[in-house]
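If you're wondering where the values come from, they're calculated on a predicted model, not measured in any experiment. In what follows, every chain begins at residue 1, and chains take the letters A, B, ... in the order their sequences are listed.
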Amino acid sequence: MTRVSPREHPAGIRTDTHIQDVRGRADATLPTVSAWTSPAAIEVESRLFRALAVLRVVVLINALGLTIYRAANFDPPAAALVCALVMVGWTVFALWAYAAPARRTAVLVGADLAVALGLLLVTPLVKGPGFQASVPGFWVSGALLACAIHYRWIGGLLAGVALAAVDLAQRQEIDQAIYGNAFLLLIGGPVVGYMCESVQRMALERDEAQRAAARAEERARLARAVHDGVLQVLALVQRRGGELGGDAAELGRLAGEQERELRALIRGEQPGQGPAAGMRDLAVALAELETGTVTVSGPATAVEMPARQAEEIVAATRAALDNVRRHVGEDARAWVLLQAFPDHVEVSVRDDGPGIAEGRVIEAGEQGRLGISESIRGRIEDLGGKAELITGATGTEWELTVPRTGVHA
Amino acid sequence: MSRVMVVDDHPMWRDAVERDLTGAGFEVVATASTGREAITRFAATRPEVVVLDLQIPEPDGVQVTTEIISLHPAAKVLILSASGEQNDVLAAVKAGATGYLVKSASRDELLEAVRRVAAGDPVFTPGLAGLVLGEFQHSAATEVRGDKPTLTDRETEILKLVAKGLSYRQIADRLVLSHRTVQNHVQNTLRKLQMHNRVELTRYAIEQGLDAD
């Protein structure tokens with residue numbers, strides 16, 4: 001796995017990241033020929049060959065047992081010994097040869113298949129034309145699966161066809177058992193080959209995902225360092241500007257605006273917090289409403305909601321804030337608080353204005369000025385929630401409660 | 001007036017904060033620009049209040065807070081951060097910081113915050129109250145062991161009002177409590193949050209087999 005050390009020189013990292021980006025894109029278009037020679041694909045192949053080594057020993061013991069048991073069928077009997085020695089010798093050689101990726105050449109795989117085919121071909125010579133069981137029997141599966149692992153489904157298919165064809169061609173009569181074995185060879189090869197290919201693809205994708213995660217982590221780290229410096233300067237300009245007054249105060253105010261925007265942006269970009277498809281982080285969405293006079297508070301963890309619900313809640317909150325500006329004043333202070341519970345979310349929007357006098361709401365309704373309040377209620381009730389307006393000595397407050405209906409709402 | 005240490009890696013900030021504090025009669029006994037400096041100078045000068053930036057060269061502000069509180073539990077840490085990283089702020093408060101202020105706060109807000117932290121009162125912005133509330137709600141929803149302290153209804157109510165921007169005075173009026181009682185409740189929520197941290201550390205130690213003799 002490629003990991004960029006966090007302590008490297010920044011310029012070096014940027015170049016690395018760039019190169020990885022390019023390479024990442026090439027890997028994404030699976031599978032190219034070179035993809036099969038990538039370390040991940042070779043690792044998968046090596047694992048499968050290690051498993052095949054065990055299988056080879058098992059089928060060898062099986063073949064030897066059967067050869068000894070049926071030694072009387074061989075003519076001359078010494079042929080049984082020669083065949084058994086060939087199988088033992090080749091198996092030992094194959095275990096050694098396949099163990100190293102560099103030795104897994106076309107010649108090796110071809111020779112493996114040739115030995116299996118050869119033993120099938122000598123069967124009528126040593127056991128007579130009316131033989132029942134071929135000399136190698138299931139021992140040929142070693143060569144078959146080696147072809148499948150190394151050349152994937154096409155290798156498995158070709159080896160299966162070759163073995164089945166040679167086996168069937170030498171039979172005087174073909175009963176169901178013989179046909180069944182040939183059929184197994186034919187389908188077993190491509191199936192194992194296809195599975196090998198799938199696992200290799202997954203390994204490549206996993207590698208790519210790990211590289212992408214490492215890149216994202218590194219980018220986030222760089223961004224943090226850059227952002228922090230910018231935030232420091234913006235905050236200082238804002239503070240000093242306010243103290244100096246006049247034109248400097250205006251500069252300070254602008255710096256403050258930029259600082260808040262950058263802060264909201266950073267919040268939305270924290271690594272590992274990206275919401276799932278169709279979902280939105282309500283905490284991040286609400287944080288974007290923060291201005292010099294509006295404070296937004298909420299949990300540090302993401303509050304994932306279906307995107308449409310989140311957008312409606314943000315729209316209702318924005319409408320409530322517009323209401324504050326309209327009725328309390330352009331520079332009225334307001335506070336937005338988001339609380340997340342397992343089954344619902346609560347958003348409160350409070351101002352510290354004089355509150356709405358008893359009867360004013362009714363009066364406003366009569367004058368047709370309830371538009372904003374109705375739009376807030378409408379939006380929240382459409383989501384199955386509840387919007388309440390509380391007014392008193394410590395300002396006016398909207399309490400928006402919306403059930404969390406889960407991912408598929 | 002209280003003895004204060006200022007920790008910030010940006011010289012312009014360090015100087016500005018130091019100037020403001022000195023001008024208001026605080027004694028700035030030390031300044032530091034890295035976490036390592038902060039810890040050694042803290043041990044040497046024993047200030048009562050540490051005004052601490054979170055994003056400083058290793059060890060970071062959260063680790064410095066942990067170290068300072070373990071060296072001298074009565075010391076007060078006020079986080080003064082430009083960082084947008086809410087998790088860092090929460091981690092620092094869990095580690096024992098009793099105040100948090102964004103760097104864009106005015107000079108008067110800063111001086112008031114240092115005075116209050118020095119007096120032992122927590123300095124909660126609505127933003128911090130929202131974070132702490134979120135932390136307790138999150139653990140209430142996900143905890144199965146039940147060994148973490150939870151907030152009382154009163155504490156939750158007060159924290160909510162802080163997060164909604166009410167001053168302690170306004171909260172006291174609304175709930176018909178004394179100003180002191182409101183402060184005590186807020187302080188309790190911080191204490192419980194710091195216990196969360198200890199529970200988590202203990203669990204980690206047990207999982208790692210560090211509790212074995």
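The shortest distance between side-chain heavy atoms of B:Asp88 and B:Gln55 falls below 4.5 Å. Looking at heavy atoms from C-beta onward, B:Gln170 lies out of side-chain contact with B:Leu161 at the 4.5 angstrom threshold.
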(Q) What verdict does the side chain to side chain donor-acceptor pair (under 3.5 Å) test give for A:Arg326 and A:Asn323, after you've listed the backbone C-alpha separation in whole Å, the side-chain angles of each residue and the deciding distance to 0.1 Å? (A) CA-CA 5 Å; A:Arg326 186 169 315 183; A:Asn323 229 0; 5.3 Å; no
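Summarising the geometry, atom CG belonging to B:Leu177 is positioned 12.5 Å from atom CD belonging to B:Gln183; distances are rounded to the nearest 0.5 Å. With rounding to the nearest 0.5 Å, the separation of CG in B:Asp173 from NE2 in B:His179 is 9.5 Å. Between the CD1 atom of B:Ile56 and the CG atom of B:Asp9 there is a distance of 7.0 Å, given to the nearest 0.5 Å.
In this structure, the portion of B:Leu90 lying under 4.5 Å from any heavy atom of chain A is its side chain and not its backbone. Neither the backbone nor the side chain of B:Asp108 comes within contact range of chain A; no heavy atom of the residue lies under 4.5 Å from a heavy atom of that chain. Contacts between B:Ala105 and chain A at a heavy-atom distance below 4.5 Å involve the backbone alone (N, CA, C, O). For a residue to count as touching a neighbouring chain, one of its non-hydrogen atoms must lie under 4.5 Å from one of that chain's; by this rule B:Leu128 does not touch chain A. Proximity to chain B is absent for every atom of A:Val237, based on heavy atoms less than 4.5 angstrom apart. Heavy-atom distances place the side chain of B:Leu133, and not its backbone, under 4.5 Å from chain A. Proximity to chain B (any heavy atom under 4.5 Å) is shown, for A:Gln232, by both the backbone and the side chain.
With salt bridges taken as basic N to acidic carboxylate O contacts below 4.0 Å, one links A:Glu399 and B:Lys164. No salt bridge links B:Lys160 with B:Glu157; every basic N to acidic carboxylate O contact stays at or beyond 4.0 Å. Look at B:Glu112 and B:Arg115 and you find a salt bridge, because one of the NZ, NE, NH1 or NH2 atoms lies within 4.0 Å of a carboxylate O, short of that distance.
Between chain A and the options B:Lys103, B:Met12, B:Arg174, B:Gln137, heavy-atom pairs under 4.5 Å are most frequent for B:Gln137. Contact count against chain A (heavy-atom pairs under 4.5 Å) is highest for B:Ala163 among B:Ala140, B:Ala163, B:Ala129.
A side-chain donor-acceptor contact under 3.5 Å links A:Ser297 to the backbone of B:Pro126.
Contacts from residues 332-340 of chain A to chain B, taken as heavy-atom pairs separated by less than 4.5 Å, involve A:Trp335, A:Leu337, A:Gln339, A:Ala340 in sequence order.
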